[in-house]
Amino acid sequence: MDQGALVVHLIDDGRKLIEQCLQKGEEITAAGWIWASEDGMWFLYLALPGVKKEGSRNAYRRLDAVMRQMP
């Protein structure tokens, strides 16, 4: 398998995270997988509208709480 390929399980896991966030009342205005060539990894970026007002730390805490509830 090509190490740089965005494999199906990453796409599925990202979709599941987004679905869980939406079910928990989070608003996501954009999402996308970005290849970080310097790290050699794919990263899922989520755009949440309240981050500028409340700060990224609070947004990360909310996303972390959602992820911890996922199987």
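Starting from 1, each residue takes its place in the sequence as its number.
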Check: Do you reckon Val51 sits in the same ILVMFWY cluster as Tyr45, going by side-chain contacts under 4.5 Å, direct or chained?
Finding: no

Check: If two hydrophobic side chains count as joined below 4.5 Å and joins carry through other members, does Leu48 share a cluster with Tyr60?
Finding: no

Notebook entry, point to check: Are Ile18 and Ile34 grouped together when hydrophobic residues (ILVMFWY) are joined by side-chain heavy atoms under 4.5 angstrom apart?
Noted result: no

Margin query: Under the salt bridge (Lys or Arg N to Asp or Glu O under 4.0 Å) definition, can you give me all pairs with a residue in residues 56-71, not counting sequence neighbours?
Written below: Glu26-Arg62, Glu54-Arg62, Asp64-Arg68

Margin query: Applying a strict under-4.5 Å side-chain criterion to I, L, V, M, F, W and Y, I'd like to know whether Leu22 and Leu46 cluster together.
Written below: yes

For residues 8-16, dump all side-chain donor-acceptor pairs below 3.5 Å to protein atoms at least two apart in sequence or in another chain.
from: Arg15; atom 1: NH1; to: Glu19; atom 2: OE1; distance (Å): 3.4
from: Arg15; atom 1: NH1; to: Glu19; atom 2: OE2; distance (Å): 3.3

Notebook entry, point to check: Can Met41 be reached from Leu44 by stepping across I, L, V, M, F, W or Y side chains whose heavy atoms are under 4.5 Å apart?
Noted result: no

Next item on the list: Using the test side-chain contact (heavy atoms from CB on, under 4.5 Å), find all partners of Ser37 that sit at least two apart in sequence or belong to another chain.
Entry: Trp35

Check: Taking only residues two or more places apart in sequence, or in another chain, which ones meet Gln69 in a side-chain contact (heavy atoms from CB on, under 4.5 Å)?
Finding: Lys24

Next item on the list: Just jot down the side chain to side chain donor-acceptor pair (under 3.5 Å) partners of Gln23, sequence neighbours excluded, or say none.
Entry: none

Check: Taking all atoms of both residues into account, what is the closest heavy-atom pair of Val66 and Gln20, and its distance?
Finding: CG1-CB, 3.7 Å

Checklist line | Partners meeting side-chain contact (heavy atoms from CB on, under 4.5 Å) with Ala36 (sequence neighbours left out) | finding: Glu38, Asp39, Phe43

Item checked: Closest heavy-atom pair and its distance - Met67, Leu17 -> CG-CD1, 3.5 Å

